[in-house]
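Okay, structure first, notes after.
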Amino acid sequence: MNNFEYYNPVRVIFGAGEINKIGAEAKKIGNKVCLVSYKKLGLLSSILKKIEEMLIGEGLEIVSFFEIEENPEVSIIEQGADLCKTGNIDLIIGVGGGSAMDAAKAIAAGAYYEGDLWNMVYSRHDDVKAVPPESALPTIMVPTLPATGSEMNQCAVVSNKALKEKSYIWSPCIYPQVSIIDPELTLSLPAYQTACAAADTISHVLEIYLNGEEDSDVQHYFQEGVMRTVIDNVEKVLDDPQNISARSHLQWAATCAINGWASPGDAWTPIHQVGHVLTSLFKVQHGASLSILMPAWMEVMSTKKENQYYRFATNVMQVKVDGKTQSQIIQEGVKEFKSFLKKIDVPTSLRQANITKDNLQDILDGVVKVSFGNDGILACNPPLSKQDVMQVLETAL
């Protein structure tokens with residue numbers, strides 16, 4: 001095992017109906033609240049109305065910032081931060097999926113940050129010049145999508161349309177103070193969003209499981225448990241969207257996948273680095289970018305870490321081993337995983353996202369620009385070259 005330090009200060013309130021505590025919890029922290037959510041609220045309108053009523057009922061003043069779109073843009077983050085500065089906001093509540101929560105955390109940091117907010121972002125790994133924030137307004141997170149786990153970590157992913165880039169802020173100051181995780185808030189999610197969220201959750205542990213340190217028994221059993229939980233429950237939800245038990249398992253799995261428990265000392269997410277480029281260049285939905293890349297990645301990389309891929313096939317995909325070679329078992333595991341993704345109806349090829357062979361060099365260039373180190377390598381175990389990444393992209397066609 002690698003040496004590590006672990007810290008997570010987030011207080012979690014989990015369970016059906018727990019959103020009813022939002023007013024009382026907010027009152028403990030602040031008096032003037034900025035509610036952050038989407039420009040197009042859709043099904044979230046009723047949830048936001050209920051939250052506003054509970055906050056007002058506690059005597060709190062509310063300012064709404066419903067300007068967030070998928071892959072929150074740094075210029076919008078700046079607008080939100082300015083609103084909080086001029087409005088003397090003392091608490092931010094993010095309501096929605098990863099984009100809303102990440103925006104809320106970035107705005108919280110931006111309210112104290114001096115200079116260009118894009119400087120907070122780790123947008124280059126070959127020459128790191130990011131200056132992460134050191135202070136932020138307190139936040140409460142209310143996730144409505146079981147995917148990003150932003151409700152319990154110190155990360156916020158933001159985009160820069162002008163640069164066509166997407167990367168992350170990483171700082172302890174943006175840990176939420178409280179997260180109210182109520183699976184009832186996910187009951188109205190459409191099937192496609194539910195399936196993409198499942199792919200995102202799996203990717204958060206799969207990437208570390210396959211690309212990180214092999215001598216990590218506790219982490220690997222934990223990662224396998226998260227993946228099996230998603231596989232076992234997402235089809236139940238797709239068959240019966242009102243299945244609150246299955247929704248609860250998916251929501252908690254999403255939180256646990258990326259709150260640090262699965263990855264102390266071993267946080268490799270190279271598939272995400274490629275997926276972010278698919279989003280920034282071609283507007284591929286985040287979870288869909290990962291469902292496209294994961295099977296191709298596994299096909300290319302399985303020969304380099306056969307023991308781990310064998311473990312995935314047997315422990316996660318439950319492939320029977322009798323009478324088969326290790327190579328056959330590994331191949332069957334990858335095939336079964338891809339079949340699972342197809343069954344829940346998420347894309348598994350670049351062509352399904354209207355990306356062709358002619359686009360592959362642009363994607364590779366984007367990955368190299370943002371995520372490769374100054375040694376010309378994408379950090380991973382084993383490390384990846386440009387040729388390796390191109391092979392994954394070609395396989396994903």
Side-chain angles (χ1 to χ4, degrees), residues 10 12-16 18-19 22 35-48 50-51 66 68-72 93-106 139-153 155-159 166 168 176 179-205 226 229-230 233-238 241-259 272 275-276 279 283-291 341 344-346:
V10 182
V12 171
I13 301 171
F14 182 94
E18 292 298 306
I19 190 59
I22 185 71
L35 267 182
V36 175
S37 196
Y38 297 106
K39 201 168 192 176
K40 296 180 180 179
L41 290 175
L43 295 171
L44 280 181
S45 294
S46 60
I47 294 172
L48 265 299
K50 181 178 179 180
I51 289 172
F66 298 162
I68 308 306
E69 297 180 298
E70 189 175 3
N71 307 304
I93 300 178
V95 182
S99 294
M101 291 188 289
D102 284 359
K105 293 197 286 188
T139 61
I140 294 176
M141 296 296 140
V142 181
T144 62
L145 180 74
T148 68
S150 192
E151 63 272 12
M152 202 179 171
N153 64 37
C155 183
V157 178
V158 297
S159 298
K166 176 181 175 181
Y168 59 91
S179 284
I180 299 179
I181 306 173
D182 186 338
E184 284 188 348
L185 304 184
T186 70
L187 289 175
S188 60
L189 280 174
Y192 184 69
Q193 280 186 282
T194 299
C196 284
D200 193 10
T201 298
I202 289 173
S203 75
H204 288 149
V205 290
V226 170
T229 297
V230 176
N233 285 280
V234 66
E235 290 185 57
K236 294 177 184 177
V237 166
L238 294 176
Q242 300 303 304
N243 186 330
I244 191 63
S245 174
R247 291 278 191 190
S248 297
H249 294 314
L250 289 181
Q251 184 69 72
W252 187 231
T255 302
C256 294
I258 194 168
N259 64 0
H272 264 65
H276 286 170
T279 298
K283 302 188 185 304
V284 180
Q285 198 273 354
H286 177 62
S289 76
L290 300 167
S291 68
L341 294 172
I344 64 173
D345 204 22
V346 290

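All of these numbers come straight from a predicted model, not from anything done at the bench.
Between Pro190 and Gln193, the closest heavy-atom pair is CD-OE1, 3.0 Å. Contact detail for Val95 and Ile51: the closest heavy-atom pair is CG2-CD1, 3.8 Å. Looking at every heavy atom in both residues, Ser188 comes nearest to Leu43 through O-CD1, 3.2 Å. Shown here for Ser99 and Ile68, the closest heavy-atom pair between the two residues is O-CG2, 3.7 Å.
Screening residues 36-45 for side chain to side chain donor-acceptor pair (under 3.5 Å), with sequence neighbours left out, gives no hits.
Not a single donor-acceptor pair under 3.5 Å links the side chain of Thr229 to the backbone N or O of Ala253. The main-chain N or O of Asn153 is found under 3.5 Å from a side-chain atom of Lys105 such that the two form a donor-acceptor pair. Between the side chain of Thr279 and the main chain of Val284, a donor-acceptor pair closer than 3.5 Å is present. For the pair Arg247 (side chain) and Gln242 (backbone), a donor-acceptor distance under 3.5 Å is absent. Although no hydrogens or angles enter the test, the distance criterion places a donor-acceptor pair under 3.5 Å between the side chain of Asp182 and the main chain of Ile19.
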Take His286 and His272 through the test side chain to side chain contact (heavy atoms under 4.5 Å, CB included) and record every step on the way to the result.
CA-CA 9 Å; His286 177 62; His272 264 65; 3.3 Å; yes
From CA spacing to verdict: side chain to side chain contact (heavy atoms under 4.5 Å, CB included), Glu184, Ile244:
CA-CA 7 Å; Glu184 284 188 348; Ile244 191 63; 3.7 Å; yes
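Each of Thr255, Asn259, Asp102 was evaluated against Ser150; a single residue qualifies, Asp102, per the side-chain hydrogen bond (donor to acceptor under 3.5 Å, both in side chains) test.
Residues Thr201 and Leu250 fail the side-chain proximity criterion, which asks for heavy atoms closer than 4.5 Å. In this structure, the side chains of Cys155 and Thr148 stay at 4.5 Å or more apart for every pair of heavy atoms. Contact check for Lys166 versus Val157: side-chain heavy atoms found under the 4.5 Å cut-off.
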